[in-house]
Amino acid sequence: MRVESSIMHLDLDAFFASVEQRDKPSLRGKPVVVGGVGPRGVVSTCSYEARRFGVRSAMPTHEARVLCPHAAYLSGRFNAYRIASRQVMDVLNTISPVVEPLSLDEAFVDLEAGGVVDFCSEALTTLGSQVRKKVTEVTGGLTASVGIASSKFMAKLASEEGKPDGLVVISPGAEADHIRFMNVRALPGVGPATQERLAKLGVHTVEDLRHATDKELSRELGSAHTKWLMGLAYAHDDRTVSSSREVKSISTEDTFDTDLFDIEQLRLIVARDGVLVAKRLRKAGFFARTITLKLKTPDYVTHSRSRTLVGAADSHETIVHVGLALLEEQKHLLVAGIRLAGVGVSGFTTQAQDTLFDMSATHKDEVEIEWPNAPVRYLAGGYHPGDDVTHDEYGPGWVWGSGLGLVTIRFETAHTGPGPIKTLALDDPALHATPVQLPVDDDDTQSGPGWSLQPL
Ligand code: TTP
Ligand code: MG
């Protein structure tokens, strides 16, 4: 905990859904759900209008459809999200050299390292408002919530309190009182399981936690966790903001719309994943010693098999070769069907070749991204609801829905008003998928949903 409120936390509001509302004027102010739209789909996120009906992240999409049948269900446009994320991170990088992204839409900023000297609450309110305004400006209309406080814990709590589209500054000294009557779930590291264990001890609020004995907590949670929680109960949190998050593994994986039984199809997927992972590995300037193939069967059991090389590799030939060999060894799993497949690399070394890569530049803005519920796109084919298309005669628009050889398009963009809807033949020669626009400095077109970089 610092003596000044010098840590900022920023989190975009209803991120994926807000990007969709920005680019699809007819959806502004309406319930929008982004996620897997297939039978096994789960909700990635939804607009605040949809939240009013009880829709939430990670909920099966079919449940969301019952709660909010009139929402627009879109399968997501990852590249648009990445571009917006880059724009936001660029704004934050102008405030401080120490920005720690936590995901595409969320980051901590060390204001002290950024040279801020006036930490009175008025000055911080002005700064927070300026950042929020700038984010809206550069992204063409997305809103962010900002929290400013003396620790990561309090700054994140503050931005959550500010949601949506708000700013909360917590003054130094006010932290412990601020959290006193909150549920223990507000503490970082307290998930449903810990909450349940604490409840067994009669601990429901932060105040209860303060009165619990070290001995009974340790018995239930272990001494390290207890020490951490006891500190948090008084808002003690010394975690530093760190922009150079060290990456320890790179992986990509996909959950399929329907289980796969075909080894040839799976070989193609593993090969594609191997190429993608190798590309990211090279971009980060690493060589990997361990290659892992992950397969999940329909009973939700994950089978991971790894091979560690004698040397270290960064070529896609090696990674694909080992990935395919691991697949051969696990071939018997195909009898039950494969629900998810992924390739990962770990055990990194950096070798003499690092002159090829500017480590500080390439490494710094990598973010920890875990999208367990990201939209599933691969193998589904055709158009997906929400996809960008262009028609030679009618101009740009987006796919509302398709089926039976037809596709319904709404012709509008971020810069038009709500536009007209037209139903066309799926094979209309004048209709094209709009080419994907990439974030600057980013050549990974294939990265889509499902890849993750895990920090140490
Ligand atoms: P969040 O910041 O958790 O959610 P949000 O930005 O949609 O809404 P808010 O912050 O206003 O509460 O996550 C950011 C994005 O990450 C979200 O738009 C979609 C994606 N995501 C998933 O794909 N799966 C998930 O389970 C979650 C929580 C988020
Ligand atoms: Mg968010």
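No experiment lies behind these values; they were computed from the predicted model shown. Just follow the structure's listing: the first ligand is 1, and inside any ligand the first atom is 1.
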Which of the atoms in ligand 1, numbered in the order shown and given with their element, are less than 4.0 Å from a heavy-atom of S57?
26 (O), 27 (C), 28 (C)
Quick check for you: with the Mg ion (ligand 2) as the vertex, what angle do OD1 of D11 and O of L12 span, to 10°?
80°
Taking side chain as C-beta onward, heavy atoms only, is H9 less than 4.5 Å from I148?
no
Run through I170, I7, D237 and flag the one making a side chain to side chain contact (heavy atoms under 4.5 Å, CB included) with M154.
I170
Which atom of D105 approaches the Mg ion (ligand 2) most closely (N/O/S):
OD2
Out of Y48, Y81, F16, who is nearest to atom 11 (O) of ligand 1 when you count heavy atoms only?
Y48
Filtering L104, D105, T45, L12 for the heavy atom nearest atom 1 (P) of ligand 1 leaves D105
Please work out, at 4.0 Å between heavy atoms, whether the side chain, the backbone, both, or neither of R51 comes within that distance of ligand 1.
side chain
Any salt bridge between E220 and K200, counting N to O under 4.0 Å?
yes
Do D259 and R40 have side chains that get closer than 4.5 Å, going by heavy atoms?
yes
Please examine the side chains of R77 and D23, heavy atoms only from C-beta on, and report whether any two atoms are closer than 4.5 Å.
yes
Residue F15 vicinity, atoms of ligand 1 by number, heavy atom under 4.0 Å:
5 (P), 6 (O), 7 (O), 18 (O)
The single option from K294, K296, R339 passing salt bridge (charged side-chain N to carboxylate O under 4.0 Å, His left out) against E253
K294
Is the distance from the Mg ion (ligand 2) to the nearest N/O/S atom of F15 under 2.8 Å?
no
Close N or O approach (V43, ligand 1; < 3.5 Å)
no
Between the Mg ion (ligand 2) and D13, is there an N, O or S atom separated by less than 2.8 Å?
no
If you draw the axis of the six-membered ring of F153, does the NZ or CZ of R239 fall within 45° of it and under 6.0 Å from the ring centre?
no
Mind checking whether E106 has a heavy atom under 4.0 Å from ligand 1?
no
Contact between ligand 1 and S103 is defined here as a heavy atom of the residue under 4.0 Å from a ligand atom; is it met?
no
dist C120:SG -> E4:CD (nearest 0.5 Å) comes out at 9.5 Å
